[in-house]
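Inspection log for the structure reproduced underneath, given as structure tokens.
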Amino acid sequence: MPCMYSNLRLLFSSSATAAATATAAASPFLSPLKLKLRRPSSSSSAFPLLPLAPLYSLRSKPLFTVFAAVERGRRGRRLRHSPDFARGRSRRAFSDDPGRDKKASMEEGAAGFNRKRAEGRDRSDGPRKELQLKKRPRANPVSTISYVQILGTGMDTQDTSSSVLLFFDHQRFIFNAGEGLQRFCTEHKIKLSKIDHIFLSRVCSETSGGLPGLLLTLAGIGDEGMSVNIWGPSDLKYLVDAMKSFIPNAAMVHTNSFGPAPSSDAAAVPDLNKFADPIILVDDDVVKISAVLMWPEESGQNNGVHSAMRPGDMSVVYVCELPELKGKFHPERAKEKGLRPGPEYRELQLGKSVFSKKLNITVHPSDVMDPSIPGPVVLLVDCPTQSHFQRLSSLGSLNDYYADFLGKETQKAVTCVIHLSPASVVSSPDYTNWMRRFGSAQHIIAGHEMKNIEIPILSSSSRIAARLNYLCPQLFPASGFWSLEQSDSVHLSEGTSLSCPSISAENLLKFTLRPRDKIGLDKSYIPNKMAHSNIIDELHTEIPEIVDAAQYIHHLWNGTGETGEERRFMQEEPWLSENSLPNCLENIRRDDLEIVLLGTGSSQPSKYRNVSSIYINLFAKGGMLLDCGEGTLGQMKRRFGVGGADDAVKGLRCIWISHIHADHHSGLARILAQRRDLLKGVPHEPLLVIGPRQLKRFLDAYQRLEDLDMQFLDCRNTTEASLNFFEEASELSIDQSSPESPNSHDVLRKVTNNSSTNVPDSTLFMRGAPMQSLWKRPGSPPDISVAFPVLQNMKKMLKEAGLDALVSFPVVHCPQAFGVVLKASERLNSDGKLIEGWKIVYSGDTRPCPELTEASRGATVLIHEATFEDSMVDEAIARNHSTTEEAIQMGTSAGVYRIVLTHFSQRYPKIPVFDEAHMHKTCIAFDLMSINIADLPVLPRVLPYLKMLFRNEMIVDESDDTGDSVSVAP
């Protein structure tokens, strides 16, 4: 029968034979027999397995075929590769002699890659010891400046919880750390190094999605790194356990949880009334912060009886109390009481009574001082459901803060209440009645509001996006935020719309707490609405010729003929007219494929580039994500609008993750949780997540916190060899289908014993090869029998998505790092002619390597990382990344039609440094760039105009980033 992977031979070209021959000529110690391609078995003749790289002799010392010659160029030292990467290499580079460990990075770097880093033994990036908390000078509670401020993460995209900053001169407290917090702080110059405590009102992806990236960034600050105190309800333990799979323990030693442990067993639930009193978390000179717990209760439920507490049920009200200000001391009154200046005066000012020997009386502070002024009190309330409100409204521990609660000497007037609760809860009559109980307190409603989409939270990147949209709307479509429905939010104007002082939160809205004479709202920091027309007017003034450039691009897309401007650029850039159209693009439809670059930066989010994520838009057939860095959901909403992004998330067929570094997967939980919520009550299948083995550890641990509604498949089970093995097993199972036929385990055992295709590892990782240890110690080869049902689901998914194959292949970066090939199914044109499907290759993070070259043979599009500029080849080698020129040479040698460069170091804030002499089939990626497959022929022609747009801004930011967030924790 025809099989799904009958076209795998198209993915990995038979040019491997030529590469093997070249290797044999350069390496006489390899047996010619070992270089022969393995013959396919009779049961798989339709898809012969071709090696991803020349085979290695098991009796000879290993040889790795990333070969390079180093030469000095005009911009510095460069690494040049031959097209087949078959030049000689010293075997000494792979020596395991312990005497050379100290110089391993440099020696292996000169040879082409950092082996220690690739094997996970390079500890240069991670913290080497327990990270310490920052020591702050003691603050004066009287003179310190203090305020609370809304950090509007998610306000414009409604993808995550807003954060709140509690500011003091020498301390910073942040409440909630949703995705995008780090990028937001960079945009608005909020120094991460000043943060001392992070508090979570709930533990879920909405409130904590930005925490992993934030911890990793803090751990990399300075020589020793930094850490913060993290506080949250008892569910926090599950999040910490999950993060340990990719964050060193040293970065999380200061995590603190409180409250009852969740349990699915009702009999094991503790008496929750024990947790009714406030839990004091911080109590110092400037603030006392307490936590009041709440959990869902049904109306009329007896407080002494509770159902099982599930992870995620616990929510927190944080109470922040600033100390009272002592009243003015009157020395003349003290003198009248017979006291002398000195220790007696000091004791009275500290609130202690003293005895007057002169008058034989006890003098109390109230005798000589004005009454103390109570300190401001701020409440942060996160009540996620009406069931939680049942508990919130009955909390006796809040009685001291209600203005209508009489008979209490401990009455405390609340100054400000910040509501993180959703609009559906805040707008209910019961909740608004509860708000009135705080008297004259200022209420700030920090839920998602309709008006906030008009003011982009990340103004710098929005400004760039507006300019790019003006120049080339075909590649940079306008944002679709206007699809937001009015009913999704509750808008409150300043005043008394809820019969109490209330206002809708806006980004950077402040409420001043100290000094006392300035207490109240401060709107001076709220950003102004960005007028698109003003941005374009400014662009016209700065670059007058941009008007002609935009007009030319319009003609280019509409096919209205060559203009004078085009002829001028053709003369300056003759390569623009090169490249013939590949067969797969014949009569291609615009609704066939779109590649959306959601994040194009490396290491950590920046003002202009988010971290790695690519959305493969298959339109009516759904979509896929290749990598899913922090903020992926927010980027989808910036591209497609709130409603459009929700549709894209619901239509996801698969998420593929290249490796375990946080900048490539830390947005995964948020996407999965959003999809789960959107499809609640709708029949659907769990989403397929394909990734390295370590990712499963994270997902398994995280799912103890919240269900992610997914099924996992190891990348190793999707290599070419493993998929061929799966197809043989599938065919054998079908051939023997009868009531007496063996079960799947018997079939797999028979294939394993009899089939020559049972070689699930690439030659790069076969026993004795230099990189074999990367395939990882135990567990190799992967167990196909466990993955068999998931592979069957993947086969069905690919067919529904119009794809012929999804094939992973190993690359050289860190342990278990992969690239991927997507191959579309063949189609018929209008004349009934069979046309091959397009082929997309994504490199992930990698050094140039033969596996990537072979996988890219004849690709329609190669999306290749280009972390460093050409002059930084040493850094690229040390970090196992690629330079711009290396990425282009990789695609050129593989005969790729179009190359898209991405994953740029954050030292290039807007546009990377590149040599235009090599760009004849290449495009530079920007965030939210959308490449329709029908536009591939004209893609390189846009590059000169992008250069024009950024001609004054190709400046390197000298910040010391590494290209990765962190190495995998051991």
Side-chain angles (χ1 to χ4, degrees), residues 120 179 205 209 212-213 216 242-243 245-247 596-603 610-616 623-633 635-636 649 652-675 686-703 708-719 722 774-776 782 787 790-791 794 797 806-811 813-822 840-846 852 855 863 865 902-903 964-969:
E179 288 191 358
S205 62
L216 290 170
M243 291 192 299
S245 62
F246 63 95
I247 297 179
V596 182
L597 287 304
L598 297 173
T600 58
S602 69
S603 181
N610 203 51
V611 288
S612 297
S613 184
I614 302 167
Y615 176 62
I616 304 298
M624 304 173 68
L625 281 171
L626 307 181
D627 279 335
C628 191
E630 177 188 339
T632 292
L633 179 58
Q635 291 292 88
M636 292 184 75
V649 170
L652 282 174
R653 299 283 188 176
C654 171
I655 300 178
W656 182 92
I657 304 297
S658 62
H659 62 290
I660 197 64
H661 286 161
D663 56 326
H664 290 258
H665 75 83
S666 58
L668 181 57
R670 186 75 194 101
I671 286 282
L672 292 173
Q674 179 79 350
R675 179 181 179 271
L687 185 62
L688 177 64
V689 175
I690 303 173
R693 182 178 51 203
Q694 303 100 313
L695 182 64
K696 187 175 188 299
R697 289 173 50 200
F698 165 71
L699 293 172
D700 287 347
Y702 190 90
Q703 289 203 105
L708 296 179
D709 192 21
M710 48 75 63
Q711 56 180 345
F712 182 81
L713 186 61
D714 193 326
C715 278
R716 297 179 304 164
N717 294 130
T718 62
T719 62
S722 293
L774 274 69
W775 211 230
K776 211 67 177 169
V790 187
L791 284 167
M794 185 182 81
M797 176 273 295
L806 180 156
V807 183
S808 303
F809 55 91
V811 294
H813 180 60
C814 68
Q816 297 289 300
F818 294 88
V820 69
V821 177
L822 296 178
I840 294 177
V841 179
Y842 172 47
S843 71
D845 286 7
T846 185
L852 178 55
I863 307 171
E865 71 118 295
T902 187
H903 196 267
D964 303 308
S965 340
V966 74
S967 296
V968 180

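We count residues from 1, following the sequence as given.
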Separation between CG of L713 and CG of L695, rounded to the nearest 0.5 Å
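If we round to the nearest 0.5 Å, L713:CG and L695:CG are 11.5 Å apart.
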
Any chance you could measure I840, atom CD1, to I616, atom CD1, to the nearest 0.5 Å?
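Nearest 0.5 Å value for the CD1-CD1 distance: 4.5 Å.
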
Could you walk me through whether S613 and L625 satisfy the side chain to side chain contact (heavy atoms under 4.5 Å, CB included) test, starting with their C-alpha distance in whole Å, then the side-chain angles of each, then the deciding distance to 0.1 Å, before giving a yes or no?
CA-CA 7 Å; S613 184; L625 281 171; 3.8 Å; yes

Tell me, with the steps shown, if V811 and S843 meet side chain to side chain contact (heavy atoms under 4.5 Å, CB included).
CA-CA 8 Å; V811 294; S843 71; 5.9 Å; no

For A242, give me all partners under side-chain contact (heavy atoms from CB on, under 4.5 Å), at least two apart in sequence or on another chain.
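Expected list: F698, A701, Y702.
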
Mind checking what makes side-chain contact (heavy atoms from CB on, under 4.5 Å) contact with Q703, not counting sequence neighbours?
D707, L708, M710

Please lay out, stage by stage, how V820 and I690 fare under the test side chain to side chain contact (heavy atoms under 4.5 Å, CB included).
CA-CA 11 Å; V820 69; I690 303 173; over 6 Å; no

Taking every non-hydrogen atom, the tightest pair across [X] and [Y]:
{"X": "R670", "Y": "L633", "answer": "CG-CD2, 3.9 Å"}
{"X": "G819", "Y": "W656", "answer": "O-CZ2, 3.3 Å"}
{"X": "C715", "Y": "P692", "answer": "SG-N, 3.9 Å"}

Here's a test for you: under side chain to side chain donor-acceptor pair (under 3.5 Å), which of D714, T718, T719 qualifies with R716?
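With R716 as partner, D714, T718, T719 yield a single side chain to side chain donor-acceptor pair (under 3.5 Å), made by D714.
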
Audit row: L822, M624, side chain to side chain contact (heavy atoms under 4.5 Å, CB included) steps and yes/no:
CA-CA 10 Å; L822 296 178; M624 304 173 68; 4.0 Å; yes

May I ask you to test the L688-V790 pair for a side-chain heavy-atom distance under 4.5 Å?
yes

Will you find, in the side chains of H664 and D845, an N or O donor that is under 3.5 Å from an N or O acceptor?
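Indeed, the side chains of H664 and D845 share at least one donor-acceptor pair under 3.5 Å.
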
